[in-house]
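Okay, so here's the structure we're looking at.
These numbers come from a predicted model, not from an experiment. Each chain gets a letter, A, B and so on, in the order its sequence line appears, and its residues count up from 1. As a basis for the values below, the full set of heavy atoms in this structure was taken, side chains included, without hydrogen atoms, waters or symmetry mates.
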Amino acid sequence: MQENLLELIILIPFASVAVQYFLHRVLPARLAGLIACGAVLVPFLLTVVVGRGIGSAAPQVPAVTATIASWLTGGGLEVAFGLRLDPLSCAWTLVVTGIGFLIHVYSLGYMHHDPGFKRFFIYMNLFIGSMLALVLGDSLPLLFLGWEGVGLCSYLLIGFWFEDMDNARAGQKAFVVNRIGDLGFLLAMLMIFQTFGTLDIATVTSSLSAGHAQGLYPLGDGRITLIALLLFVGACGKSAQLPLFVWLPDAMAGPTPVSALIHAATMVTAGIYMVARFSVFFALAPVASAVVAIVGALTAFVSATIALRQRDIKKVLAYSTCSQLGYMFLGLGVGAYGAAVFHVVTHAFFKALLFLGAGSVIHALSHEQNAMKMGGLKPHLPRTHWTFFVGCFALAGIFPFAGFFSKDKILGEALLGHGWLFPLVGVLGLITALMTAFYTFRLYRLVFTGPERLDDHARAHLHESPATMTLPLVILALLSIVGGALSLPAFAHFDLLGDYLRPIFASALAVAGEHAHHAVNVEVALMLVSLAVVIGGAWWAWNRFAEGPGDQLPLPQSGLPFLLENKWFVDEIYAIFVIGPMRGTALLAGFFDRYVIDGIVNGLARLCDLCGAFVRLLQNGAVHTYALLFLAGAVYLVCSLL
Amino acid sequence: MITVVDYYVVASILFAIGALGFLLRKNVLVMFMSVELMLNSANLVLVASAKSFDLARGSAFALVSVAVAAAEVGVGLAIIIALFRLKATVDAEEITNLRG
Amino acid sequence: MEVLERVAFYVMAVIAVASALLVVVNRNPVASAMSLVGTFLAVAGLYLTLNATFLSAIQVLVYAGAIMVLFLFVIMLLNLEREPFDLPGFGRIAGFALSVVLLFSLISLALNATARPETSARGGSGAEIGDVFFSDYLFPFEMASLLLLVAMVGVIVVARRRKPEEEEEGEA
Amino acid sequence: MSDTQVYYLAYLVKLLVVFTLAVGLVPILVYAERRVSALMQFRWGPNRVGPFGLLQPFADMVKLLCKEDLVPERASKVLFTIAPALTCIPPFLVMSFIPVAPSFALAGREMKGVVVDSPVGILLLLALSSLTVYGLAIGGWASNSKYSLLGGLRSSAQMISYELAMGVSVLAVLCVAGTLNLTEIVYRQTQFFGFDATSGNWAGWNVFAQPLAFVIFLIAAFAETNRLPFDLPEAESELVGGYHTEYSSMKFSLFFMGEYIGMVGISSVLVALFLGGWHFPGMHALGLQPGTLPFTILGLLVFLAKIGVLLFFFIHVRWTLPRFRYDQLMRIGWKVLLPLALLNVLVTGAVVAGS
């Protein structure tokens, strides 16, 4: 029963894609949209039903599994289309389908006038299906399949308005950058198969921890470290971490619901999911964990700095997403797996809320995205305004909004850790929190208060968004307010999410050693510190941008502002040091291909041509000749039978 | 006593005559008829052999082959008509170029 | 009775071979076609001597009744003349020689065969063939019907006289 | 004389009876045709030769035989000669498959009321009747005349087309009867209307079980015999005389005969397949013992009477209806009769399979 429901969870979105694809001519747009929404809502409800059944904490990781069909079989390899719903994937599935449903509903309004309405929902449902495959897949290949599937959908949706060359380019960029990460993932997968002889995730992790217990894989084992690092390369690509984060801001070229769903709430957290899924590997590889923590902290910091001066409302949120993802990796790196997952959930709430709110603003202003040309929208967009306001509080991490609890959990684990690394990344995170609060309220002030700086076209069509768009905003806002209750600080002894996930990370924590419980007053003190930092940042921005952008309006020509305005010149550096050499290599390879390889091929072709010229004499077109030869063959056969 | 071998001999002769007709005649239609002749001789062998095993089964085989022959003749004659319209001849030795 | 069987076999065999020869020798295509009808009828008779009654009826119905009428129809439609006689070239001489070799090799192959006892479990009546078709050979049976359908469509497409404007489109 | 010899002798007699029937009916038919047509047109018709002009057909025959036997120049002589014979042979052969009377016991054996009692009789019958077309086509072609050629082409096209509808309508009857043996099919009809209580199958005349098939077969029968309203192959007004334009004398009379024997043959098939063959309601009540010669002769007479009625119908239609146009003819054959017949088979098959 539960198995069948589990299968339904993943099959429904794909079935919906098939229905919409094959019936796209006859299906009315409205009905297609409703089908798409239903195809996300039903899996959500099913997940709730099935997920309730796995809550029991047994020594084994509680899970529901189902095998749809056998897939790859050959040699020692046996991979099935198997699904596995355990606490971790259940959490993710709920986020994906829950937030996904809200965003689908929102899209009904947002994409209402778009000629590609039906296409949009096909892609969206395909994305949901792929994401579920990624999360629910019980084997690495299926995970990889979903991984690539969401990548494809991301590409399709970034370039949704592909008539515009820039959008199409952004899609390509996302795709190519992701490939680099995927290569890492693929290599990791091969190494895992070589090491463990299976690709079943549960088997791999359990055999690793069992092997460690038997002394087979000591702490810091080279092979395990390498696998963990390669996995992290893949996660970097998908989750936009430091060297590979350049695609995410460009991905904002897609429709805003896409940004909310894929590039903030769900797909980009796939990297987190993967690292969390293989937490045992990272626990056994301190070096890899350190790399994760450092990269996460640096990404959080650098992205936040860039977000400080962005003018595009969506770009600010995009860099903020990178930054928050950095937090999550920081958490994973310092061993705060539960806290990282918690942050994924709350971040999904408030970042989806912020993106959708931004979308509502953009929608209202007839696709104006430049925050410098907004201002004073508060009275015009009341519902959008207060939900966005809530989102800002949550993102900035102000008590008692959701972001506060999750962020604080990560920072607490980092700052209170031992050794030189943990406090270092913790401090970086604290500075980032300051900047986060600053740019969040800068954005709020620029958009909703101060003098109106709209151009005439935007002002003419100014209107509050329809209910299909504001209703999801309200729901997400409520979630952003109360979401923190899922996992209160340790001293409150109320940790719903943490308890739920405990069996998943039990083995990893057993390897790394359970974190010591800190004294209540230390934790409270830390909280107060971070709250003070955050409120300080918010206050600073609140005052500074009370009257619009002020001195930020003219483009800076030098100094740090110049660097930040141009995003640390990362794209340009890539152009010179990565793309340039590649172009040269490609040119060389092209030359080789055209003259050497083609020369050989053409030579062979000419040889065949020559042979053909001789054989052609035999084909004179007269049936009788052929018949004669044919009969000669027949006679030969008959005679040879004699 | 008439045995299978006698039928084989008759079928062989018919087959050889069919082959002869196909090779010697220039008229596409007559060539086609020769092909039918060969097909018939093959059927004869089939049915005669089936007597030693399962006549119903052999007849069923032959029946399918008759159906195939019917389809083949239909298509073949249609092609010959189209060819005649194009070239105004049914002489196989004049029809040597695929290009119309 | 056995004498009758022998006589029937020889009469049919001789008619079959003789009219087959006439098919090849006749220079008039209609006469060839009529001779072929004779061959088919004789082969149907041979089927009767083999007890394949159903097949024999089908042979007459399909070959003599339908296929050869179609041949005749086409010959008339094209209004073919007698084929002029011309001297045999290399190809024809070779073809003749090959056919003779084929004849002798086939006959010797046939004579090499040993006659097995005629122990067919089932006869060739319609009911028994129906049994075979609707049990073991249902799929080939359906495929044959599909083939006929496809052939029918194909014939209509190929033999249809195209309208002048379509002709131009085709060439363009 | 041994029993076996008696049996074979009776067999020969049977053969002769059937064939004389076929041939003997021809002059009667010719006479009837002319008298009936005259009646319908308020004329006298032939009434000079013999009493009521009864000897007219024989006078006609003498006339035809005395005519000069012309063979057109550059015609293909062999084919020209065998064509009339080819039209006559198939109807004769068809007659030999018709069970014209019930069987009777003779010399301790059962003597069937049919010349050839084949297990696939109806198939062979259809196969042989389809050979008629060769006579017409060859006759038309061998005459080396455009009228004849067109007549021959038309006839072959027409007969192929209507054979389909005819064959498919017979299929439905076979579904009801469950056998290919004609004797068996007739025996299944030895009740005027109703079911056989023991087998639960239809046991009455097939015309009631298969009215649609009957109508289709009847229409196709007109086309197969080239009778009006389907006599396009020999349409006088368009093609002079169609395939027999160039024929005269005995060859012409063979064509002529072939048409009439064809009518007799197709009527016999109709009677055997649909109208109960030799059976007539109440004939068992006359007190004659089934299986004896008198009963057989009674059956034969019933059969003849039925043929007579059908033949009268043929003649009546000829002098009542105008001729179809060629495209109408083809349309009716392919687009009306064939689909109807197929539908009929489908429905019949479903009903038979269901019961």
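When heavy atoms are compared at a cutoff of 4.5 Å, C/Val100 does not approach chain B at all. For chain B, the nearby part of C/Leu36 is the side chain; its heavy atoms alone come within less than 4.5 Å. Contacts between C/Val155 and chain B at a heavy-atom distance below 4.5 Å involve backbone atoms as well as side-chain atoms. Residue contact with chain B, scored on non-hydrogen atoms closer than 4.5 Å, is absent for C/Ser105. Only the side chain of C/Asp136 comes within contact range of chain B, judged by heavy atoms closer than 4.5 Å. Only the side chain of C/Tyr10 has a heavy atom closer than 4.5 Å to any heavy atom of chain B. Contact of C/Ala127 with chain B is not made at all, since no heavy-atom distance falls under 4.5 Å. For chain B, the nearby part of C/Tyr63 is the side chain; its heavy atoms alone come within less than 4.5 Å. Interface remark: C/Val17 contributes backbone and side-chain atoms alike to the contact with chain B (heavy atom separation under 4.5 Å). Only the side chain of C/Phe54 comes within contact range of chain B, with at least one heavy atom under 4.5 Å from a heavy atom of that chain. C/Thr39 touches chain B through its side chain: at least one heavy atom from C-beta onward sits under 4.5 Å away, while N, CA, C and O do not. Neither the backbone nor the side chain of C/Leu149 comes within contact range of chain B; no heavy atom of the residue lies under 4.5 Å from a heavy atom of that chain. Heavy atoms closer than 4.5 Å to chain B are found in the side chain of C/Ile58, but not in its backbone. Of the atoms belonging to C/Tyr137, it is side-chain heavy atoms, and not backbone ones, that fall under 4.5 Å from chain B.
Sorted by first then second residue, the ring-ring contact (aromatic ring centres under 6.0 Å, His included) pairs that include residues 3-40 of chain B, not counting sequence neighbours, are B/Tyr7-C/Phe9, B/Phe32-C/Phe71. Applying the ring-ring contact (aromatic ring centres under 6.0 Å, His included) rule to pairs touching residues 78-97 of chain B yields nothing, sequence neighbours excluded.
Comment: C/Asp131 does not engage C/Arg122 in a salt bridge, judged by the lack of any side-chain N to carboxylate O separation of less than 4.0 angstrom.
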